[in-house]
Every structure is written in structure tokens, then in C-alpha cells.
Colleague: 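This structure is in C-alpha cells; I'll ask about it shortly.
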Protein chains: 2
Amino acid sequence: MNRTVSDMAYSLLSYALLGLIQQKPASGYDLRKVFTETPLASLSDSPGAIYPALRRLEERKLVTGIVEGSGLRQRKMLRVTAAGCDELKQWLKKPLAQSDIAHRLEELMLRFAFFDNVLGEESTLQFLCAFEAGLKIHIPHLRKCLNQDGPKMALCARLALENGVLGYEAQLKWVSHAIHSYKKKVKQS
Amino acid sequence: MNRTVSDMAYSLLSYALLGLIQQKPASGYDLRKVFTETPLASLSDSPGAIYPALRRLEERKLVTGIVEGSGLRQRKMLRVTAAGCDELKQWLKKPLAQSDIAHRLEELMLRFAFFDNVLGEESTLQFLCAFEAGLKIHIPHLRKCLNQDGPKMALCARLALENGVLGYEAQLKWVSHAIHSYKKKVKQS
DNA sequence: AGCGCCATGTAATGCGTTACATGATTAT
DNA sequence: ATAATCATGTAACGCATTACATGGCGCT
């Protein structure tokens, strides 16, 4: 997977939590519900994952928590610090590598979902165009694999590979739709 | 993610290795190359993941290794045992849950890619039909989210959600193509 | 009175990541 | 000769998983 420390200072879960808290201050319980109830996020909703991750974010001063305890029954509301917002922005701005397209599509989409109000219009369009360009390189490569090895492969294996190709082609359709939507919005503002 | 021990006795990587070894006896190095060079498998190709995983498979008697050492420069060729083949079959035969469709599509496709020569035609078609049925439940659910929350969401977040929906719709197209291909093959034999 | 939800955690365990290490063989 | 590839590992580390634990609150 060739991922070095500089690529990922924090875990995906941490970034997702950071992004959600940035959108709207929330408690650990709120965040858990996002992962259990909403379709986005195939991330862990278990308290054993979330609370330690939040503690780490707090230790590293990316978020701060204020206990909203009316008596007992306390709720710790978390909000991002300036450093946290900066760290999030760094993550979102990471240039997208071809290997991200080949192996980490979910991470790319998770990042993109947090672009609003953090990255500007220019960066967003840049991301989408880079994504489109990457897909246009990756898809022919996959098709070549399919044409070369497909006839030799057993049926299910070949169908699974075709599934991958069709998935990427759907991504390509999406990205041109996304670019169109985004440009329309830019013009309106 | 609600995954209990009975759901996943071994890691995804372990099953992928087991499946590949079942297809064709291989050395650790061969298996690494599969993960670095072929498009299928977003799994780790690092020796620190693969060799320990192979050792565990050997300890648990799911594979056996014979050292093919012409002098030095040894190569340990691994092949599945009867127990290993059985364990693989158990994994492949697991009934697919709705949560698999919502959160673990990659795992489903990985499983499907190993169906050839392990599961029969009936199980394979059953899997595809269950997958299709699951998608037909999941897609309207996602669409509903999009229609309800979409207007309230910021643009990138909404586009990311749309990306998910389009992805699942591509899956639905694929599955009907796959069922068609598979039925054609069954008739021929 | 008891059940389910709110709300936050901890402990043991297993596994993947990263980085390091070793040595043989083939190509240039 | 020396770089790249073959081939297999180990050690420290971080993090997710699983299961367990605690207690208040609201409803019936």
C-alpha cells in the first residue's frame, strides 16, 4: 500500500471525526450515531474505537471538549481548534495520487464530502479534474487487464474484475456530473 | 460494524491468501506480487502483513508448506489442506447480510472472485440473486436519504452521497449482467 | 419496577504498518 | 562489480475489535 507517515499522520477514523466536528460541534455519542445511522461512513461506530480516537484528538489539541453537564448526565461537546481546522485542511488538500484511485476510492470520497466550507471553489474543482484525469488513466489500464487475462480467467473471477471496471466507469460518469454541478454553483455565486 | 467472532474467524487478508493458494499453490513472494501487480486486491502487499498471516494459516493447519530449496535460495510453496479448503468454503458460503451490502461491498466481491471451483453453480446463482435483492432494497433507501437530506446538505457532501448511489446502481447493472453470463455458462455445460 | 436509551469509558487481544535485516541470484 | 530482483523474515508501534462496565434518565 506504500503509505508513509507523512501521508497519514492520523487514522481515517480520526479525520472523519475531525471533519464532522468541524461541520458542527458534537459529542462522542452524536458522532457514533452518524456512523450507525447514515449511509456515508463505513467506519466503526463502536465506542472502543471512537472514544479513544477522540481522546487522541484532544491530546493533540485538534479538538477541545467542554463538558455540558447539567448536574450529572454529562455530555462533552467537542469543537475543532485552529490547529484542528488546519490539520483537516492539510488532509483535504493532499494531492491525489494514482494509487489513491486504484486502492483508496473510499478515502477520496470521504475527503471530498468534507470540502464544503473548508476548501475554496478552486481547490474543489482542481480535485474533481484531477480525479477525472486519474480515472481516464486507470480505466484503460483495467480494461487492458480484462482483455489480456479475461479469457484465461475463470468466470466468477472475470466477473469480479468486470465489476471493478464498471464501478470505475460509474465514477467517471459521476465526476463529470459533479464538475458540471459545481461549475453551475460557482457561476451563481 | 457489528461483526462477531463467528462472522470472521480470520482476517480478510487471510481469506484472500487462502483463496489464492487454493487456486494455485504459491509462495509468499508470489502472493505478494498478486497484491502489488494485479488490480483486484486492495490488500496489503507488505511482507510484515503477509508472512505473519501465512504463518498463522500454517499454524492452524489450513495450509502446508514444502520448502523447494535447491541448495540455498529456498522457496516455501504453500498449498491448502482439506481443512483449509473447508474453511474457505465456509467463508464463501456465508449468507450475505444487508449490512454487507451497505458497508462491505469489497469483501463481497473478493469472496465472489473465489467462487470458481469451490462453490457450485447453484450456490453461485443464489449469491448473485441475493445480491441483486439486497441492492434493490438498499438503493431506494439511499435515494430516500438523498431526497430527504440532499436539499439541506452542502454541495460536496451531497455529491459524495450521489456518488454512493450511482455506485450502487452500477452494481445493480453488473449483477444482472453477471446472472445472465452465469446462466449462459450453465446451459452450455 | 423494569426496560430501553443516553453517554462515556476501559482492558485484552489481534493484526496491519513501518522499518529494518539478511542473503542469494540474475542482469548490466 | 554492482544494482535490481528473488525470497523470507522480525520488532516496535498504533489502532480497531470485542466485550465488559457504569450510571442517569424517561417511559409504561
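Below, chains carry the letters A, B, ... as their sequence lines are ordered, and counting in each starts from 1. Excluded from the calculations below are hydrogen atoms, water molecules and symmetry mates; all remaining heavy atoms, backbone and side chain alike, are included. The model shown is predicted, which means the values in this text are computed figures rather than measured ones.
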Colleague: Between A:S14 and A:A53, is there a donor-acceptor pair closer than 3.5 Å when you use the side chain of the first and the backbone of the second?
Modeller: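 Pair absent, no side-chain N/O of A:S14 close to backbone of A:A53.
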Colleague: Can you list the residues that meet the side-chain contact (heavy atoms from CB on, under 4.5 Å) rule with A:V34, with sequence neighbours excluded?
Modeller: A:L20, A:T38
Colleague: Can you tell me how far P of C:dT25 sits from CD of B:Q74, to the nearest Å?
Modeller: 11 Å
Colleague: Give a yes or no answer on whether the side chain of B:D100 reaches the backbone of B:A97 with a donor-acceptor pair at less than 3.5 Å.
Modeller: yes
Colleague: Atom CE of B:M77 to atom C1' of D:dT8: distance rounded to whole Å?
Modeller: 15 Å
Colleague: For DNA chain D, what residues of residues 21-31 of chain A have any heavy atom nearer than 4.0 Å?
Modeller: none
Colleague: When you match A:K33 and B:S14 each to their closest nucleotide on DNA chain C, which lands nearer the 5' end?
Modeller: A:K33
Colleague: In Å, rounded to the nearest 0.5 Å, how long is the span from CG of B:L62 to CD of B:Q22?
Modeller: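 Those atoms lie 12.5 Å apart.
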Colleague: Run the salt bridge (Lys or Arg N to Asp or Glu O under 4.0 Å) test against A:E132 and tell me which residues pass, sequence neighbours left out.
Modeller: A:K136
Colleague: With sequence neighbours excluded, give me every ring-ring contact (aromatic ring centres under 6.0 Å, His included) pair touching residues 170-189 of chain B.
Modeller: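 Counting only pairs at least two positions apart or across chains, the ring-ring contact (aromatic ring centres under 6.0 Å, His included) contacts touching residues 170-189 of chain B are B:F112-B:W174.
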Colleague: Can you tell me how far C1' of D:dT8 sits from CG of B:D45, to the nearest Å?
Modeller: 15 Å
Colleague: Only counting residues at least two apart or in another chain, list the ones meeting side-chain hydrogen bond (donor to acceptor under 3.5 Å, both in side chains) with B:R56.
Modeller: none
Colleague: Between B:F114 and B:A16, what is the shortest heavy-atom contact and its length?
Modeller: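 For B:F114 versus B:A16, the nearest heavy atoms are CZ-O, 3.6 Å.
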Colleague: Between D:dC13 atom P and A:Y10 atom OH, what is the distance in whole Å?
Modeller: 19 Å
Colleague: From the list D:dT17, D:dA7, C:dC15, which nucleotide is the closest neighbour of the side chain of A:S44?
Modeller: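 Of all the options, the side chain of A:S44 is nearest to D:dT17.
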Colleague: Between the protein and nucleotides 10-14 of chain C, which nitrogen or oxygen pairs come in under 3.5 angstrom?
Modeller:
none

Colleague: Given atom NE2 of B:H103 and atom P of D:dA16, what is their separation to the nearest angstrom?
Modeller: 17 Å
Colleague: C:dG16 C1' sits how many Å from B:L57 CG, rounded?
Modeller: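 In whole Å, C:dG16 C1' and B:L57 CG are 15 Å from each other.
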Colleague: Between P on D:dT18 and CD1 on A:I50, what's the gap in Å once rounded to a whole number?
Modeller: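 Value for this atom pair: 14 Å.
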Colleague: Would you confirm whether B:Y15, through its side chain, and B:L92, through its main-chain N or O, come within 3.5 Å as a donor-acceptor pair?
Modeller: no
Colleague: Nearest whole Å is fine: how far is D:dT17 P from A:L12 CG?
Modeller: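 Roughly 12 Å, once rounded to whole Å.
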Colleague: Are B:S46 and C:dG16 close enough that a side-chain N or O sits under 4.0 Å from OP1 or OP2?
Modeller: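 False: B:S46 side-chain N/O out of range (4.0 Å or more) of C:dG16 OP1/OP2.
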